[in-house]
Structure formats: structure tokens, C-alpha cells
Enquirer: 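Pasting in a structure now, in C-alpha cells, and then I'll have a few things to ask.
Naming: A, B, ... by sequence-line order, numbering from 1 per chain.
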Amino acid sequence: MDLEEILTRGVAEIITKEELLEKLRSGRTLRLKMGFDPSKPNLHIGHYVGLRKIRQLQDLGHTVVLIVGDWTAQIGDPSGRDESRTMLDPETVRANAETYMQQFFRVVDRSRTEVRWQSEWFGKFTLADVFNLTSRFTLGQMMAHETFRKRYEQGLPLSLMELLYPLLQAYDSIAVDADVEFGGTDQKFNILAGRELQRMLGKEPQNVFLVPLLVGLDGRKMSKTFNNTIDLVDPPEEMYGKIMSMGDDVIIEYFILTTDVPMAEIEEMEREMKAGRVNPRDLKMRLARELITQLYDAEAARKAEEEFVRVFQRRELPSEMPQFRLTEPKNIVDLLVEAGLAASKSEARRLIQQGGVKLNEEVISDIEATIALTEPAVLRVGKRRFVQLVP
RNA sequence: GGGCAGGUACCCUAGUGGCCAACGGGGUCUGACUGUAAAUCAGAUGGCUCAGCCUUCGGAGGUUCGAAUCCUCCCCUGCCCA
């Protein structure tokens, strides 16, 4: 991928591009800053967009400085959120950071990464330092941040501590001497604060590198509450299924932002799809293969596809399913709960009444039914939950 | 410190003495349909020993035959005044 593509494909905004190009051409090893919030240890496919960017620049010889936001995590990033968060205890933060980094280094080159904890510098911050930092920004500046303004105007709680978040993140740039800081477009305010602070303190201001926010599988904002994310830790089969459940109109965007498929080829796909000459399903299958190959390997992608075709297209049984030992006759409701197919007996009854429970592909409609086994059987709930019963 | 408005199920919201396990939306689940775990449509969505019972409407008490709804105190949030 050439420099021009690195700086345009999957890039929302660079402040300023000229300045960054100059730095890149200077021959210096640049310090690429990226922070993360260890209160949310799971990376999803949205983060992947930015990580790939970082990796691409890393491959040009630059150093990544990964900042563990163990102090800002206790505040909670106010960006794009409308309520404050309760503080986390240090052990949780530490454990989360571990989990996060495991995933982070599946994409980013560990050998060219410097990991720094905010506590290195904020641990010995004094009130004098806080004065020095806070005196440089005004309330008006903070209220220019859309999230703060919105919460204030809507009469929602907004603590002074939260106002500090952008300042702490800005100070990180001073502490690690950042040349470029990465983030999603929702990070613009915070990253710019860092740039400004550097300038105020007579340092060379960092460049702001913003990657677009990837939309969720259903085209809405990607969010846990909508359950429209793909987690980096999702197993291949899960990823495959999730990609197949994606709305047709986001397919191309995913190709551009999350794969290395050449742009020319992607444009061709878009044309073919618009003209109705290609089934979007097949493009999604390709996307699933690409992504799983990148995150796992080609073999995992092949297996996941095989499984998907088997279970969902041909409606056959999955090749592997959890087993449950049933030695003596048992009421179906109890069985569903014990086998983990229903969360409560009430739910089990509901599932039966709605016709969602099948034993060897035969619907069980009687909640009083007793299941006895002489040979293995498959108990199924809905389309995708299976348990193999063995005597 | 004073005044006003709020805190309802996973989330948002309606409910201001019995018809309330609580309207509606989101989410989730199931069914139908399909190119798919898409879209669309329909239903369900506290628990249980299930025509009944138990637990739930910020917390603790109280009034009442009966409380999410009334009273008292407390905790939390926003606004206005100081």
C-alpha cells in the first residue's frame, strides 16, 4: 500500500496532512500515540480500522506509543456518551489492560511498541500541577466540546472531573512526546487539546490522525447496546455468521475500512451489486473470508464458511455441539434449563409454547413432555442453539 | 441553606390508591418468510410447585382492607435563588 493510500483510505481527517507528510519525509522515527481506556477491555471491529492504520505506519519504521489510560479510565471518556460512569478499582483496570493488549498486539507490532501507563506521570501529579494544567483552558473551550455542551443543555449530570478528561489526555502527549495521535473522529476534541497544550508549552504540536467510525452491522452506530459489533475475540464461526447478518448497504464500507482488497476491485463490486449482477450474499461471504483470514488464518476462514453453509444454508446440524448427559427420563422444561438452553423454567415454557424447541428436528409442543433416551439425540432451540443429548 | 422538578423492568419511557408483573419504544428471544443469523410481518419478554402464588417501581419506615401511586425520614440528579 503506497503512502498516498495509507493517508487516504480509511482516514477521516488529518490535521494537518501537509505537516504530517513533512514529518514522514524527514526520516525521523515518529512517535505515534494511541491511548486506550482499560475499562472497556474488548476491542471490536471498529477499533480494528485504527489499529490497521497504526500498523501500516509502523511498517514504515515508526514507533507506537500505547498509553494505558489507567487514570482517565477512572473518569470515563465523556465523548459520545451522555452519562457519567462510576469509578473502577485498580485491579480491574490492570486485568482489563492485559486483556486489551493481548488483542491489540494481534494487529500491532509489539516489537515496535512502547507501552506507557498514565500512572507513571499522574501518580506523582501534585495540586500545583493540576493548577498549572487547568489554568490553561477555559470553561468556554470545554463547552465547545459537543458532548459536554449537549449534556449541560439537556440538564444531565456533568461532573468537574469529567471536564478534566481532555486535559489529562492532552497532558499524555506532553509526557510521551507524541508526534502524531490516533483516534476515531469522536476523539477530535481530545486530540486537538493535546496539540494545543504542546504548542502552549513550546513543543512541536502533534498531528491529529482521525479514522472514521465504522458503522455497526445493521448500519446504525456501532454499539454494544445495539448488539451490532464484531469483537476481535469472536471465534471464526461467530464472525462469519455476524458478517452474513450484516445489512447489504454497509458491505462496501467494510471492505474499504477493514480489508486490503484493492480499491479498484471494491469499486467493481459496488458497480456489480448496484446493477444486480452479483448477489450481495456472495460479497458478504468474501468479506467474511478476508476478515477471518486476516485475524486468524485461511484455514479458519474455510472451516467457518463450511459450517455456515451447513447449518444455515442447508439447514443441517453443526459439526460440533456441546454435549449433555441424560441418564434418566427428565421433564423437557427442566432439561432445557439444565442443558443451558433456557435461562429459567418460565423461559423454557415460553420457548416450547412458541414452537421453538425441537428434539431430532421434531417440534415439542407439550410442556409436560418427558424426554427419555435410548440413543443420542439433538435438542435444538431456535435456529442456532443445539445440544447433543447422550444417554 | 431555600424553592421547584425528577429517580419505574436490560435501556428509554407511561402510570399519581384497587382494572398493575405495570402502557409504549429500543434491545433480546421465538415463529413465518428468505439470498443470510439481512429486510419484512406476527407473537413473546420477572420468577415459581403456573386457572394460583412469590418478588419488583431510589432506600427505610408508616397510613390503608389494598400503595409504583398517600405520609415521614434518608440517599441520588437537574434547574432557579443565595
Enquirer: Under 4.0 Å between any heavy atoms, over every strand shown, what does A/Arg385 touch: base, sugar-phosphate, or nothing? Just pick one.
Expert: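 If one applies the 4.0 Å heavy-atom cut-off, A/Arg385 turns out to touch the sugar-phosphate alone, with no base involved.
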Enquirer: Please tabulate the protein-to-nucleotide N/O contacts below 3.5 Å involving nucleotides 78-82 of chain B, giving atom names and distances.
Expert:
from: B/G78; atom 1: O4'; to: A/Gly155; atom 2: O; distance (Å): 3.4
from: B/G78; atom 1: O2'; to: A/Gly155; atom 2: O; distance (Å): 3.3

Enquirer: Please give, in whole Å, the distance from B/U30 C1' to A/Leu336 CG?
Expert: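 So the CG-C1' distance, A/Leu336 to B/U30, works out to 13 Å.
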Enquirer: Could you tell me whether A/Arg302 and A/Glu306 make a salt bridge, using a distance below 4.0 angstrom between a side-chain N and a carboxylate O?
Expert: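 Looking at A/Glu306 together with A/Arg302, the answer is yes, because their closest N to O distance falls below 4.0 Å.
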Enquirer: Is any side-chain nitrogen or oxygen of A/Lys345 closer than 4.0 Å to OP1 or OP2 of B/U49?
Expert: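 So the side chain of A/Lys345 is within the cut-off, an N or O lying under 4.0 Å from OP1 or OP2 of B/U49.
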Enquirer: Can you tell me how far P in B/U63 sits from the matching atom in B/U45, rounded to whole Å?
Expert: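 Nearest-Å result for B/U63 against B/U45 at atom P: 36 Å.
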Enquirer: With a 3.5 angstrom cut-off on both distances, give the Watson-Crick or G-U wobble partner of B/C53, or none if there isn't one.
Expert: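 Pair assignment: B/C53 / B/G47.
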Enquirer: Looking only at atom P, what distance separates B/C79 and B/G66, rounded to whole Å?
Expert: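 It works out to 41 Å between them.
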Enquirer: What is the pairing partner of B/C23, taking Watson-Crick or G-U wobble pairs with both distances under 3.5 Å in any strand?
Expert: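 With both distances under 3.5 Å required, B/C23 matches none.
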Enquirer: Applying a 4.0 Å non-hydrogen cut-off, can you work out what A/Gly355 is touching in the nucleic acid: base, sugar-phosphate, or nothing?
Expert: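 Counting heavy atoms under 4.0 Å across all strands, the contact made by A/Gly355 is with sugar-phosphate only.
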Enquirer: When the P atoms of B/A68 and B/G7 are considered, how many whole Å apart are they?
Expert: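 15 Å, rounded to whole Å.
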Enquirer: Roughly, in whole Å, what's the span from CZ in A/Arg281 to P in B/U34?
Expert: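 In whole Å, B/U34 P and A/Arg281 CZ are 14 Å from each other.
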Enquirer: When the P atoms of B/C73 and B/G26 are considered, how many whole Å apart are they?
Expert: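 One P to the other, the span is 41 Å.
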Enquirer: Whole angstrom is fine here: how far is it from CG in A/Asp248 over to P in B/A37?
Expert: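 Atom CG in A/Asp248 sits about 13 Å away from atom P in B/A37.
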Enquirer: With P as the reference atom in both, quote the distance from B/C4 to B/G52 in angstrom, rounded to an integer.
Expert: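 Nearest-Å result for B/C4 against B/G52 at atom P: 44 Å.
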Enquirer: Under a 3.5 Å limit for both distances, which nucleotide forms a Watson-Crick or G-U wobble pair with B/U72, could you say?
Expert: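 B/A60 is the nucleotide pairing with B/U72.
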Enquirer: Report the distance from atom CG of A/Leu351 to atom C1' of B/U28, rounded to the nearest whole Å.
Expert: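 The answer, rounded to whole Å, is 12 Å.
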Enquirer: Could one point to a donor on the side chain of A/Arg350 or the base of B/A44 with an acceptor on the other under 3.5 Å away?
Expert: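 No such pair is found, so the answer is no.
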Enquirer: Touch check for A/Glu237, heavy atoms < 4.0 angstrom, all strands: base, sugar-phosphate only, or nothing?
Expert: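 It contacts base atoms.
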Enquirer: Less than 4.0 Å between a side-chain N and a carboxylate O, is that true for A/Arg195 and A/Glu19?
Expert: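 The answer is yes: the pair qualifies as a salt bridge.
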Enquirer: Is there a Watson-Crick or G-U wobble partner for B/C41 with both distances under 3.5 Å, and which nucleotide is it?
Expert: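 The base-pairing partner of B/C41, which may sit in any strand shown, is B/G31.
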Enquirer: Whole-Å distance between B/U30 P and A/Leu379 CG?
Expert: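 Going from A/Leu379 (CG) to B/U30 (P), I get 13 Å.
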Enquirer: Expressed as a whole number of Å, how far does the C1' atom of B/A60 sit from that of B/A37?
Expert: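 Approximately 48 Å lies between the C1' atom of B/A60 and that of B/A37.
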Enquirer: Mind checking who shares a hydrophobic cluster with A/Ile371, ILVMFWY linked at side-chain heavy-atom distances under 4.5 Å?
Expert: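 Under the 4.5 Å side-chain rule, A/Ile371 groups with A/Phe324, A/Leu326, A/Ile332, A/Val333, A/Leu335, A/Leu336, A/Leu341, A/Leu351, A/Ile352, A/Val357, A/Leu359, A/Ile364, A/Ile367, A/Leu373, A/Leu379, A/Val381, A/Val387, A/Leu389.
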Enquirer: Going by an N to O cut-off under 4.0 Å, is there a salt bridge joining A/Glu316 and A/Arg380?
Expert: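 Result for this pair is no, no salt bridge flagged.
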Enquirer: Tell me: CD1 of A/Ile251 to P of B/A38, nearest whole Å?
Expert: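 Going from A/Ile251 (CD1) to B/A38 (P), I get 14 Å.
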Enquirer: Taking only residues two or more places apart in sequence, or in another chain, which ones meet A/Asp248 in a side-chain contact (heavy atoms from CB on, under 4.5 Å)?
Expert: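 Partners of A/Asp248 by the side-chain contact (heavy atoms from CB on, under 4.5 Å) criterion, ordered by chain and then number, come out as A/Ile251, A/Pro280, A/Lys284.
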Enquirer: Rest of the hydrophobic cluster containing A/Val233 (Ile/Leu/Val/Met/Phe/Trp/Tyr, side-chain heavy atoms under 4.5 Å)?
Expert: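 Same cluster as A/Val233: nobody, lone residue.
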Enquirer: When only distance counts, do a donor and an acceptor, one from the side chain of A/Gln354 and one from the base of B/G43, lie under 3.5 Å apart?
Expert: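 By the distance-only test, yes, there is a pair.
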Enquirer: With rounding to whole Å, what would you report as the distance between B/G3 and B/A9 at their P atoms?
Expert: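 Result for the P pair: 29 Å, nearest Å.
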Enquirer: Using a 4.5 Å cut-off on heavy atoms from C-beta on, say whether the side chain of A/Asn190 contacts that of A/His145.
Expert: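 Yes, their side chains come closer than 4.5 Å.
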Enquirer: Go ahead and name the base partner of B/A5; Watson-Crick or wobble counts if both distances stay under 3.5 Å, otherwise write none.
Expert: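 For B/A5, the partner nucleotide comes out as B/U77, under the 3.5 Å rule.
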Enquirer: Give a yes/no on whether any side-chain N or O of A/Ser346 is located under 4.0 angstrom from OP1 or OP2 of B/U45.
Expert: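 Checking B/U45 against A/Ser346, no side-chain N or O comes under 4.0 Å of OP1 or OP2.
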Enquirer: Considering residues at least two apart in sequence or located in another chain, which fulfil the salt bridge (charged side-chain N to carboxylate O under 4.0 Å, His left out) criterion with A/Arg28?
Expert: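 Scan of A/Arg28 (salt bridge (charged side-chain N to carboxylate O under 4.0 Å, His left out), adjacent residues dropped) gives A/Asp179, A/Glu204.
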Enquirer: Checking base pairs now: Watson-Crick or wobble, both atom distances under 3.5 Å. What partners B/G18?
Expert: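 Looking at the geometry, B/G18 pairs with B/C65.
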Enquirer: Report the residue (A/Met239 or A/Asp334) whose heavy-atom-nearest nucleotide on RNA chain B is the more 5′ of the two.
Expert: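 Going by which nucleotide is closer to the 5' end, it is A/Met239.
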Enquirer: With heavy-atom distances below 4.5 Å as the criterion, would you say the side chains of A/Leu163 and A/Thr134 are in contact?
Expert: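 Contact flag for A/Leu163/A/Thr134 side chains = no.
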Enquirer: May I ask you to evaluate whether A/Ser344 reaches the phosphate of B/G47, defined as a side-chain N or O under 4.0 Å from OP1 or OP2?
Expert: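 Yes, within the criterion.
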Enquirer: Starting from the 5' end of RNA chain B, give me the residue, A/Ala343 or A/Asn279, whose nearest nucleotide shows up first.
Expert: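 Nearest-nucleotide comparison on RNA chain B picks A/Asn279.
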Enquirer: In whole Å, what is the span from the CD atom of A/Gln353 to the C1' atom of B/U45?
Expert: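 Value for this atom pair: 13 Å.
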Enquirer: Give me the distance, rounded to whole Å, that separates B/A42 from B/A51 when you measure between the C1' atoms they each carry.
Expert: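 Approximately 26 Å lies between the C1' atom of B/A42 and that of B/A51.
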Enquirer: Within this structure, what is the CD-to-C1' distance between A/Glu347 and B/U45, rounded to whole angstrom?
Expert: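 Atom-to-atom, A/Glu347 to B/U45, this comes out as 9 Å.
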Enquirer: Considering only residues two or more places apart or on different chains, which pairs with a residue in residues 227-278 of chain A satisfy ring pair (Phe, Tyr, Trp, His ring centres under 6.0 Å)?
Expert: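 Residue pairs passing ring pair (Phe, Tyr, Trp, His ring centres under 6.0 Å), neighbours aside: A/Tyr240-A/Phe308.
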